[in-house]
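A note on names: the letters A, B, ... follow the listed sequences, proteins ahead of strands, and every chain is numbered from 1.
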Protein chains: 2
Amino acid sequence: MKRPTIADIARRAGVSKGAVSYALNGQPGVSEATRQRIVAIAQEIGFNPNSAARALSGASARAVGLTLCRPARILSIEPFFMGLISGFEQELAARSFALTLQVVATPQNEIDVYRRWWGERRVDGVFVTDLRENDIRIPVLNELQLPAVVIGGPGDTGNLAQLWSDDAGAITEAVRYLMALGHRRIARVGGLPDLLHTQTRTRAFTEVCASLGLSEAVTVPSDYTGEEGGRATRRLLINAERPTAIIYDNDVMAVAGLSVAQEMGLSVPGDLSIVAWDDSPLCSLVHPPLTALSRDIAAYGAHAARQLLAAIAGEPVKDVEEGTAHLTPRGSTAPPRET
Amino acid sequence: MKRPTIADIARRAGVSKGAVSYALNGQPGVSEATRQRIVAIAQEIGFNPNSAARALSGASARAVGLTLCRPARILSIEPFFMGLISGFEQELAARSFALTLQVVATPQNEIDVYRRWWGERRVDGVFVTDLRENDIRIPVLNELQLPAVVIGGPGDTGNLAQLWSDDAGAITEAVRYLMALGHRRIARVGGLPDLLHTQTRTRAFTEVCASLGLSEAVTVPSDYTGEEGGRATRRLLINAERPTAIIYDNDVMAVAGLSVAQEMGLSVPGDLSIVAWDDSPLCSLVHPPLTALSRDIAAYGAHAARQLLAAIAGEPVKDVEEGTAHLTPRGSTAPPRET
DNA sequence: CTGAAAGCGCTTACAG
DNA sequence: CTGAAAGCGCTTACAG
């Protein structure tokens with residue numbers, strides 16, 4: 001089956017190829033009557049502009065890129081990225097932008113991919129996640145002048161637009177809630193320590209606990225996996241003065257923590273309260289369902305996509321702090337049992 | 001920053017653009033010495049061929065597409081797709097093929113996307129999942145002659161290559177295992193009933209149970225979500241003659257089933273044994289960890305990608321039955337408690 | 001072995 | 001308002 005081109009449309013409409021292009025792209029240069037005739041023909045023969053030809057003649061590639069830097073087995077059960085992708089798609093699909101995905105092993109590989117994408121003109125811009133301190137990807141993106149939106153700061157990103165959520169506010173709410181329930185020994189199992197938003201959370205957690213007089217508040221660094229989250233939980237719970245509540249930086253570790261508590265014969269929430277960061281269906285799947293810090297990841301992704309599309313269009317893009325996650329109490333939190 | 005082109009390389013090497021193209025693509029037509037010189041220059045200036053120009057001049061787009069037809073909230077915790085994507089990438093990245101992703105709402109939308117991708121020449125081929133009976137996508141793909149690999153049959157796919165796993169063998173193993181443990185009332189919570197591989201499983205489950213004399217074996221249809229999986233479990237467990245073992249068509253429903261059992265005060269595996277289809281880190285995350293039918297989803301995806309790349313290259317591609325998932329016993333299965 | 005040229009299917013100044 | 005033409009950066013017959 002041969003793909004129809006603008007030449008086919010031009011022939012059938014009795015106009016030039018240029019006129020067809022103007023008509024289909026809503027440019028001035030054709031009369032309204034002609035435009036309608038051309039659009040009708042395009043519709044009828046099921047015309048879609050060849051994306052390569054379009055990209056080659058200076059227009060955009062109509063594609064944006066996302067690199068995923070996680071081992072396969074973590075990616076597969078980490079709900080965050082799929083939620084984000086769903087959000088991206090809401091905006092991208094509406095404007096017929098494609099999303100190009102690449103799984104990478106290291107930030108250095110990520111840079112290689114950006115350079116290649118840029119050289120190939122494969123994408124018009126990229127989403128960047130997992131911002132780190134002195135992130136090596138940032139200067140490269142700035143040098144290439146590849147439009148980008150950085151998710152997960154805030155941090156130093158040069159000219160690149162940023163989107164982050166109010167992590168400090170969220171953790172403050174969680175700690176206050178646990179304290180109101182009567183908890184005094186609150187611990188946290190953190191995400192990857194070199195990510196900037198993890199550092200923000202750690203700092204805020206330490207500060208709010210100090211200001212509330214919770215001197216024993218401790219953060220155990222972890223890596224978002226169930227294995228590590230479980231191990232960190234075990235280490236916390238074997239202490240004589242074990243915490244009565246633990247906040248986890250993601251839902252996967254929180255579920256693993258719940259399992260460890262059950263395995264050690266501790267009841268949740270009787271002996272241990274659990275709060276998961278980032279609500280996902282996973283939190284409602286287990287028993288008891290997990291109290292969580294909820295935010296709309298898809299909306300977050302959609303917002304990032306709007307920013308990226310604006311940056312690609314050359315519009316000025318402001319850094320944005322998305323709203324604070326709110327606490328959704330479920331069965332995993334309660335006043336600590338008297339001992 | 002200006003992107004280097006073959007013209008730049010040609011100038012620096014003192015040859016024609018054609019020669020550069022031949023050299024970089026390993027075509028005959030340049031001497032070995034020239035080729036090496038050209039390759040060195042390309043390397044030095046960080047040349048990547050403009051993918052649009054390449055695609056436009058007849059070569060392939062070096063991209064393949066995947067549509068995901070699931071609501072966002074299911075996608076986010078359904079480990080299967082991310083596992084599959086990781087597998088795709090192993091093969092695609094090695095040959096610098098990009099993966100284009102699109103989230104869609106219905107099979108009809110999926111068809112629209114295929115038509116658009118074909119018209120835009122955006123992808124060279126597509127992965128098709130969730131094969132149904134009389135699948136409306138198949139005739140369209142055959143009509144467009146868009147190379148495709150269909151995952152999740154077997155079924156009638158015309159000229160399109162297929163890859164599936166031996167679902168009948170796997171469920172037979174699971175049922176035999178439960179029976180060996182002493183179970184006689186075995187139920188199954190199935191996936192989306194209109195998917196062909198669900199039908200294969202249902203048929204095989206019914207047959208093997210019948211042949212083993214398990215007359216009460218029943219499949220409750222469900223939809224892969226935790227909510228529905230939990231509901232189906234509850235319905236099974238409120239029966240006087242409740243099953244002593246349940247097989248779930250995915251890990252998410254199995255975890256939900258575990259929660260429901262716990263919520264109803266039943267012990268797992270004492271009162272109820274649970275087997276999850278498709279092992280994922282999720283199965284090891286809960287307590288007790290779930291006995292599962294394990295298969296290497298990433299390898300499955302990699303295999304599909306090799307098939308698709310071969311189909312795109314115009315090579316003959318055979319339908320393939322991937323190996324049988326094997327049972328990984330964990331804490332969620334045991335002999336039924338005497339009552 | 002190498003060079004000059006056509007062509008892929010668009011977009012976009014440039015004339016009329 | 002419309003047409004003819006150049007050009008994007010490659011690939012690939014076609015001559016030499």
Can you tell me how far [atom2] of [N] sits from [atom1] of [X], to the nearest Å?
X	N	atom1	atom2	value
B:Arg62	C:dC8	CZ	P	22 Å
B:Ile45	D:dG9	CD1	C1'	13 Å
A:Asn48	C:dG9	CG	C1'	14 Å
B:Leu56	C:dT11	CG	C1'	12 Å
B:Ile9	D:dG9	CD1	C1'	12 Å
B:Ile6	C:dC8	CD1	C1'	14 Å
B:Tyr22	D:dT12	OH	C1'	5 Å
A:Arg11	D:dA4	CZ	P	14 Å

### Message
Closest approach to the side chain of A:Ala53, judged atom by atom: which nucleotide of C:dT11, D:dC10, C:dC10 is it?
### Response
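Closest of the options to the side chain of A:Ala53: C:dC10.
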### Selection from D:dG9, D:dT12, C:dC10 that lies nearest to any side-chain heavy atom of B:Ser21
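The listed nucleotide nearest to B:Ser21's side chain is D:dT12.
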### Task
Output the residues of residues 31-40 of chain B in contact with DNA chain C, where contact means a heavy atom of the residue under 4.0 Å from an atom of the strand; sort by number or write none.
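Contacts with DNA chain C under 4.0 Å: B:Ser31, B:Thr34.
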### Query
Near DNA chain C, which residues from residues 12-20 of chain A have a heavy atom under 4.0 Å away?
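Correct list: A:Lys17, A:Gly18.
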### Message
When both hydrogen-bonding distances must be under 3.5 Å and the geometry is Watson-Crick or G-U wobble, what is D:dG16 paired with, if anything?
### Response
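C:dC1 - that is the nucleotide pairing with D:dG16, both distances being under 3.5 Å.
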### Under-4.0 Å salt bridge between A:Arg115 and A:Glu143
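A:Glu143 and A:Arg115: salt-bridged.
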### Query
Taking 4.0 angstrom as the limit, do A:Glu44 and A:Arg12 come out as a salt bridge?
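Salt bridge present between A:Glu44 and A:Arg12.
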### Task
Would you mind reporting whether A:Tyr300 and A:Leu84 have side-chain heavy atoms less than 4.5 Å apart?
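They are in side-chain contact.
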### Query
Heavy atoms, side chains only, cut-off 4.5 Å: are A:Phe88 and A:Val64 in contact?
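Not in contact.
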### Message
Looking only at side-chain N and O atoms, does A:Glu110 offer a donor or acceptor that is under 3.5 Å from a partner on A:Thr67?
### Response
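Short answer, yes.
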### Message
Regarding B:Arg54 and B:Asn25, do their side chains bring together a donor and an acceptor under 3.5 Å, going by distance alone?
### Response
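Looking only at side-chain atoms, B:Asn25 and B:Arg54 do form a donor-acceptor pair, the distance falling under 3.5 Å.
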### Query
Of the options B:Ile38, B:Val39, B:Ile41, B:Ile9, which is the one that meets B:Phe47 in a side-chain contact (heavy atoms from CB on, under 4.5 Å)?
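It is B:Ile9, the one option of B:Ile38, B:Val39, B:Ile41, B:Ile9 that forms the side-chain contact (heavy atoms from CB on, under 4.5 Å) with B:Phe47.
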### Query
Is the backbone N or O of B:Arg132 less than 3.5 Å from a side-chain atom of B:Asp135, with the two atoms forming a donor-acceptor pair by type?
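Yes; judged by distance alone, with no hydrogens or angles, the pair exists.
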### Query
Backbone N or O of B:Gly155 within a donor-acceptor pair of the B:Gln162 side chain at under 3.5 Å?
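Flag set: sc B:Gln162 to bb B:Gly155 pair under 3.5 Å.
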### Query
Taking OP1 and OP2 of C:dG9, is either one under 4.0 Å from a side-chain nitrogen or oxygen of A:Arg3?
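For C:dG9, neither OP1 nor OP2 has a side-chain N or O of A:Arg3 closer than 4.0 Å.
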### Query
Does a nitrogen or oxygen in the side chain of A:Asn50 sit under 4.0 Å from OP1 or OP2 of C:dC8?
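Answer no for this pair, as no side-chain N or O of A:Asn50 is under 4.0 Å from OP1 or OP2.
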